Amino acid sequence: MRGLRIGTVVGIPVRLNWTFLIVLPLFAYLIGSEVETIAGVMNETLGAGIDTAAVGAGATPWLLGLAAVVGLFGGVLLHEFGHSLVAMRYGYEIESITLWLLGGLANFAEFPEDWRHEFWIAVAGPIVSLGVGAVCYGVFVLAPASANALLFVFSYLAVLNVVLAGFNMLPAFPMDGGRVLRALLARNQPHAQATQRAAAIGKIFAFLMGVFGLLTFQLLLIVLAFFIYMAASGEAQQTTLKAVFEGVTVADVMTPRDRLHTVTETTSVADLMSRMFEERHTGYPVMDGGTLVGMVTLEDAREIREVERDAYRVEDVMETDVASVTAGTDAMSALQVMQEHGVGRLPVLDANGELVGLISRSDLMTAFNIIQTGGTPSVITGRRAEEDGRIL
């Protein structure tokens with residue numbers, strides 16, 4: 001998740017996503033508009049003794065709303081640092097922490113598969129939230145009885161941080177509780193299987209949360225339910241792919257150079273389109289002699305109007321800044337490179353930068369299906385040799 005970088009703490013970049021810039025004033029407004037009601041609840045639950053008339057006068061509600069929401073997101077940030085610092089202690093890299101619409105998100109370069117590591121990383125965040133809640137409660141207790149603003153902000157933050165800790169411990173994968181659940185499941189079963197089961201439970205919680213949000217007209221809860229459902233599905237899929245592709249390299253899946261269809265820079269776009277139709281390919285390496293100079297795809301060719309395609313050459317539409325992999329790259333890493341660059345195929349280069357093959361997303365999905373049904377890399381290679389006119 002990208003965002004505006006605002007600084008770095010203990011080597012971890014901290015970012016603000018654009019959605020955070022929207023939700024911050026919105027939450028401040030919502031809290032400010034309910035200051036007197038919230039103060040009444042704090043008086044009843046914690047015996048806060050807040051003068052509701054005083055906190056509801058003039059511009060005070062809006063200042064308190066802003067202070068409360070800044071404190072809330074400060075607690076969320078500390079929550080994410082709890083996860084991150086424990087993860088770093090175990091040797092995992094944290095790419096960034098981002099504040100966004102639904103709170104905070106620590107971006108791991110690689111998720112832990114050791115169940116003990118995941119357990120302690122997951123519980124660290126809620127433990128920090130409880131600690132923040134305890135500190136806020138301590139400030140609330142020590143604040144003078146006449147300091148209505150302090151009493152309001154810190155009693156509210158004490159309650160919110162405890163609620164945040166409890167909510168995050170719901171077994172709705174990939175929330176903290178869901179990750180704890182996966183860690184416990186992974187003690188006695190493969191990591192991929194534990195992920196599938198935790199994700200299934202997370203989807204059920206997301207569905208129930210979404211229904212509750214609809215019935216109570218809580219839009220934020222509906223958005224959160226949608227995020228949990230999609231995130232659970234995505235991580236379960238990634239984990240399954242990683243498990244299936246363990247030990248499989250690009251060399252096992254790619255189309256080798258001697259069976260690879262290529263084009264030159266001087267090929268007209270019209271001829272390129274004809275070849276795509278005849279050969280049922282949608283992407284070609286572009287070669288200048290024996291040197292790879294770019295990649296051209298159907299999407300590139302479509303940019304030229306049909307009546308002008310005879311006048312344009314491949315060099316006019318091809319992509320020259322091309323991501324690539326080596327034959328020794330593992331298959332999962334190749335898929336991740338495709339996802340990061342938004343492409344469907346990658347040239348495979350040797351140590352000298354020479355083209356030795358091509359790997360596509362459909363190659364990887366074919367390999368995935370074969371391996372899942374009991375195939376091996378040698379079976380994949382054999383089937384590749386028998387294929388003729390496949391779609392890249």
Side-chain angles (χ1 to χ4, degrees), residues 1-2 18 234 237 241 245 249-369 380-381 383-392:
M1 182 177 293
R2 304 190 180 191
W18 65 269
Q237 182 184 52
L241 285 168
F245 283 139
T249 66
V250 167
D252 298 321
V253 182
M254 72 179 188
T255 300
R257 177 70 178 86
D258 58 358
R259 291 191 290 111
L260 195 59
H261 294 266
T262 64
V263 296
T264 66
E265 297 170 282
T266 57
T267 303
S268 71
V269 174
D271 288 341
L272 173 68
M273 295 292 284
S274 295
R275 284 192 59 182
M276 286 180 173
F277 179 78
E278 293 167 3
E279 298 170 354
R280 296 186 295 280
H281 288 44
T282 57
Y284 292 86
V286 183
M287 306 297 293
D288 180 6
T291 304
L292 177 72
V293 294
M295 291 287 295
V296 65
T297 66
L298 178 60
E299 290 74 18
D300 298 325
R302 280 176 175 165
E303 295 178 1
I304 306 301
R305 294 189 302 169
E306 186 174 357
V307 296
E308 299 177 336
R309 287 173 183 168
D310 281 316
Y312 282 84
R313 297 181 177 183
V314 166
E315 63 185 347
D316 298 318
V317 297
M318 71 181 187
E319 179 62 53
T320 56
D321 184 15
V322 179
S324 64
V325 291
T326 65
T329 303
D330 64 85
M332 189 64 192
S333 295
L335 180 59
Q336 290 170 341
V337 172
M338 290 182 193
Q339 292 172 335
E340 289 168 5
H341 290 85
V343 296
R345 58 196 57 76
L346 295 169
V348 184
L349 307 181
D350 63 15
N352 298 318
E354 297 294 323
L355 182 69
V356 295
L358 186 78
I359 185 170
S360 70
R361 194 185 301 270
S362 60
D363 292 333
L364 289 165
M365 291 304 99
T366 298
F368 175 79
N369 292 330
I380 297 167
T381 304
R383 184 166 298 189
R384 276 258 165 262
E386 297 172 359
E387 290 180 352
D388 180 34
R390 66 181 178 80
I391 299 175
L392 289 180

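Keep in mind the model is a prediction, meaning the values are calculated, not measured.
If you take NE2 on His261 and CZ on Arg259, they are separated by 9.5 Å, rounding to the nearest 0.5 Å. Residue Glu265 holds its CD atom at 10.0 Å from OG1 of Thr320, rounded to the nearest 0.5 Å. Note that CG of Leu272 is 14.0 Å distant from CZ of Arg313, once rounded to the nearest 0.5 Å.
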Between Leu355 and Leu349, does the side-chain contact (heavy atoms from CB on, under 4.5 Å) criterion hold? Intermediate values first, please. CA-CA 5 Å; Leu355 182 69; Leu349 307 181; 4.1 Å; yes
Starting from the C-alpha separation in whole Å, work towards a yes-or-no answer on side-chain hydrogen bond (donor to acceptor under 3.5 Å, both in side chains) for Glu279 and Tyr284. CA-CA 11 Å; Glu279 298 170 354; Tyr284 292 86; 2.6 Å; yes
Would Asn369 and Thr366 satisfy side-chain hydrogen bond (donor to acceptor under 3.5 Å, both in side chains), going step by step from the backbone distance to the final call? CA-CA 5 Å; Asn369 292 330; Thr366 298; 5.8 Å; no
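Considering only residues two or more places apart in sequence or on other chains, Arg302 meets the side-chain contact (heavy atoms from CB on, under 4.5 Å) condition with Leu298.
Residue pairs that meet the side-chain hydrogen bond (donor to acceptor under 3.5 Å, both in side chains) test with at least one member in residues 285-299, sequence neighbours left out, are Thr297-Glu299, Thr297-Asp300.
Taking every heavy atom of both residues into account, Arg345 and Thr282 meet most closely at NH2-OG1, 3.0 Å. Scanning both residues, Val356 and Met254, for their nearest heavy atoms gives O-CE, 3.8 Å. Contact record, Leu346 with Leu358: O-CD1, 3.3 Å, taken as the closest heavy-atom pair. Closest heavy-atom contact between Gly328 and Thr249: O-CG2, 4.0 Å. Across Pro285 and Leu292, no two heavy atoms sit closer than the pair CB-CD1, 3.7 Å. Taking all atoms of both residues into account, the shortest heavy-atom contact from Ala323 to Pro347 is O-CD, 3.2 Å.
The neighbour count for Arg309 CZ, taken as heavy atoms of other residues, nucleotides or ligands under 6.0 Å away, is above 12. Counting heavy-atom neighbours within 6.0 Å of Glu308 CD, excluding the residue itself, gives a total above 12. For Asp321, the CG atom is loosely surrounded, since the number of other residues' heavy atoms within 6.0 Å does not exceed 12.
In this structure, the side chains of Phe245 and Asp330 stay at 4.5 Å or more apart for every pair of heavy atoms. Side-chain atoms of Val317 and Val296, non-hydrogen and from C-beta on, do get closer than 4.5 Å to each other. In this structure the side chain of Leu364 reaches within 4.5 angstrom of the side chain of Ile359, judged on heavy atoms. Side-chain atoms of Glu306 and Val269, non-hydrogen and from C-beta on, never get closer than 4.5 Å to each other. The shortest distance between side-chain heavy atoms of Gln339 and Arg361 falls below 4.5 Å.
The closest side-chain donor-acceptor pair between Asp271 and Ser274, if any, does not fall under 3.5 angstrom.
A donor-acceptor pair is defined here as one N or O able to donate and one able to accept, closer than 3.5 Å; such a pair exists between the side chain of Asp350 and the backbone of Asn352. Side-chain atoms of Arg275 come within 3.5 Å of backbone N or O of Thr262 as a donor-acceptor pair.
With respect to Val250, the side-chain contact (heavy atoms from CB on, under 4.5 Å) criterion is satisfied by exactly one of Asp363, Val325, Thr326: Val325.
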